[in-house]
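So the structure is just underneath, and the comments pick up after that.
Everything quoted here is computed from the prediction, not taken from an experiment.
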Amino acid sequence: MRSIMPSASVEREHLTLVSSLRAQGFAIQPAAARPQAGVSYLVAAGEPIPAPARTLIVGSGEREVLPFRDGQPARIAYGHDDAAVGNAFARALIGGPELPTAADPESLALLALAERVAQADITVLINGPTGTGKEVLARTIHLQSERRDGPFIAINCAALPETMLEAMLFGHQKGSFTGASSGGEGFFRAANGGTLLLDEVAEMPLNLQAKLLRVLQEREVVPIGATMPQPVDVRVIACANRDLQEEVAAGRFRADLYYRLSVFPLTTKALAERAQDIPALAATMILRHAGNRPVVPWPSDEAIAALVAHDWPGNVRELENVIQRALLFCGGDTIEAAHIVFDRPSAPRLAPVAAPVDDATLGQVVQLSEFAAIRETLAACGGSRIETAKRLGISERTLRYRLAKAREQGDDLASGTQRAISA
């Protein structure tokens with residue numbers, strides 16, 4: 001746990017900042033006469049600076065943020081109305097790039113839960129949409145566990161060809177297959193004593209799922225071409241952007257492996273569902289990508305409002321793209337709303353469809369509204385069902401079911417889109 005030592009004046013005049021840092025897991029240390037190792041300091045302008053490279057000077061008034069440079073203290077100043085962004089800048093300055101960003105109550109609760117999970121050496125399954133910070137959460141668990149000094153290795157199961165995945169995971173001996181001119185230890189043995197992150201685990205072929213299950217049960221791997229198992233001491237964290245219980249029901253994922261991975265499940269939410277995280281994440285990303293600018297730009301209230309109003313189909317990754325774009329367009333010390341350029345406009349809001357309520361049941365009215373929303377979103381996405389499902393916040397399977405149900409009732413929701421595309 002990181003520790004901070006605010007001066008008495010900072011505690012008195014910037015109570016919301018100190019409270020925010022405490023909520024994000026910082027330990028608040030009482031003032032001491034001598035600088036202490038590993039502690040960051042918060043002081044007011046004009047107060048003594050205990051350790052320049054670890055001291056943040058906090059002021060009030062006109063917006064300003066200056067990062068740590070050349071061993072000099074960082075500086076930040078802002079008023080009460082800018083507390084959401086100012087507190088996030090301060091957190092990013094003190095915490096550094098490895099500290100996850102959170103301000104929404106549910107996100108803070110998730111981080112607190114992850115900290116408790118880190119103390120128990122158990123397997124964790126993190127589920128959530130793509131781009132919502134699953135790997136960040138996994139790395140946080142690793143850094144707060146007793147394995148923090150060991151390796152953290154992340155592998156994307158969807159990014160490697162099926163023919164290579166087994167050798168990459170479990171290792172191989174020289175000559176065990178064509179092209180194996182030398183042996184390889186594999187990711188499990190490379191992560192020995194640390195943590196192995198299996199991202200997109202739902203993409204793992206069924207035959208490899210059985211071998212992964214054995215590794216988790218026996219804590220040993222058998223490299224390709226070997227006859228003797230080799231012990232491994234690895235904590236496994238698995239991530240998936242699809243509901244693994246649905247995958248099990250569809251026969252695409254082993255039930256026994258699901259229960260072995262899901263010792264402690266965690267779930268990340270879409271960015272649009274945690275609006276209070278958006279200003280904090282924006283400030284963190286501005287600081288990350290501002291480079292060596294003499295002045296770090298501060299987002300205006302209108303810019304923050306535009307960010308919060310967006311539906312973020314690409315989640316945090318899309319937000320980072322938008323922030324990098326805004327920094328490119330911004331030539332001064334303020335990011336304005338005009339500098340916020342999205343990849344695509346927000347999806348149309350679900351709106352009720354006019355219907356003769358006295359002649360229709362409530363279920364029929366809801367269904368008509370649902371069909372209308374699907375038709376509009378399909379058109380906005382150029383007929384892409386994958387993008388449509390993402391924008392509507394449903395799975396592709398659910399979308400296919402809704403389209404089939406509409407066809408059964410004589411309403412082909414996709415036909416109009418196809419005609420528009422062909423025209």
Side-chain angles (χ1 to χ4, degrees), residues 1-2 25 38 95-101 110-111 113-128 131-162 164-174 176 180 182-204 208-209 211-226 228-241 257 260-266 268 288 316:
M1 180 181 290
R2 296 173 185 264
E98 291 183 344
L99 188 71
T101 299
L110 179 62
L111 288 177
L113 185 57
E115 184 177 347
R116 295 185 62 182
V117 172
Q119 307 310 312
D121 199 26
I122 57 177
T123 306
V124 178
L125 174 63
I126 305 175
N127 206 283
T132 53
K134 295 189 293 295
E135 183 172 341
V136 172
L137 190 61
R139 192 178 294 274
T140 299
I141 292 173
H142 170 73
L143 292 174
Q144 297 193 11
S145 72
E146 294 184 356
R147 295 179 178 271
R148 66 180 67 88
D149 296 326
F152 177 86
I153 296 180
I155 174 173
N156 190 321
C157 298
L160 292 173
E162 182 178 340
M164 292 179 56
L165 187 56
E166 181 177 3
M168 298 295 286
L169 280 174
F170 310 122
H172 64 275
Q173 291 191 331
K174 180 180 179 180
S176 56
S182 61
E185 63 177 358
F187 287 115
F188 266 97
R189 284 188 287 171
N192 197 56
T195 302
L196 178 63
L197 170 63
L198 298 177
D199 198 8
E200 306 289 4
V201 72
E203 304 298 331
M204 183 175 289
L208 284 188
Q209 291 179 26
K211 295 182 179 182
L212 174 60
L213 177 65
R214 177 172 177 80
V215 174
L216 295 175
Q217 290 179 161
E218 306 299 332
R219 297 291 173 179
E220 59 185 25
V221 296
V222 180
I224 298 175
M228 296 295 295
Q230 299 187 20
V232 289
D233 174 26
V234 174
R235 179 190 201 149
V236 172
I237 300 178
C239 294
N241 61 8
L257 177 58
R260 179 63 66 174
L261 291 173
S262 189
V263 177
F264 201 100
L266 298 172
T268 59
R288 179 186 304 163
V316 180

Is it true that, when you exclude Arg288 itself, more than 12 heavy atoms of the residues, nucleotides or ligands shown sit nearer than 6.0 Å to its CZ? yes
To the nearest 0.5 Å, tell me how far Arg214 CZ sits from Arg260 CZ. 12.0 Å
When rounded to the nearest 0.5 Å, the distance separating CG of Leu208 from CZ of Phe170 is 6.0 Å
So does Leu196 get a backbone contact from the side chain of Arg235, meaning a donor-acceptor N/O pair under 3.5 Å? no
Ignoring hydrogens, what is the shortest heavy-atom contact between Gly193 and Pro151? Give both atom names and the distance. C-CD, 4.3 Å
Could you work out, with ring-ring contact (aromatic ring centres under 6.0 Å, His included) as the rule, every residue matching Phe152, not counting sequence neighbours? His142
About how many Å separate CZ of Phe264 and CD1 of Ile141, when rounded to the nearest 0.5 Å? 9.0 Å
So, Lys134 side chain and Thr268 main chain: donor-acceptor pair closer than 3.5 Å or not? no
Suppose we screen for side-chain contact (heavy atoms from CB on, under 4.5 Å). Which residues come up paired with Arg219, at least two apart in sequence or across chains? Thr123
Smallest heavy-atom separation, Ile126 atom then Ala138 atom, equals CD1-N, 3.9 Å
Evaluate Leu111 against Leu137 for side-chain contact (heavy atoms from CB on, under 4.5 Å), listing each step before the verdict. CA-CA 8 Å; Leu111 288 177; Leu137 190 61; 3.9 Å; yes
Candidate list Leu125, Thr195, Ile122, Val201, test side chain to side chain contact (heavy atoms under 4.5 Å, CB included), partner Ile237, passing option: Thr195
Backbone N or O of Val232 within a donor-acceptor pair of the Asn192 side chain at under 3.5 Å? no
If the test is side chain to side chain contact (heavy atoms under 4.5 Å, CB included), which one of Leu197, Asp199, Leu198 qualifies with Asn156? Asp199
Nearest heavy-atom contact between Leu165 and Cys157 is CD2-O, 4.1 Å
Any chance you could measure Leu169, atom CG, to Ile155, atom CD1, to the nearest 0.5 Å? 4.5 Å
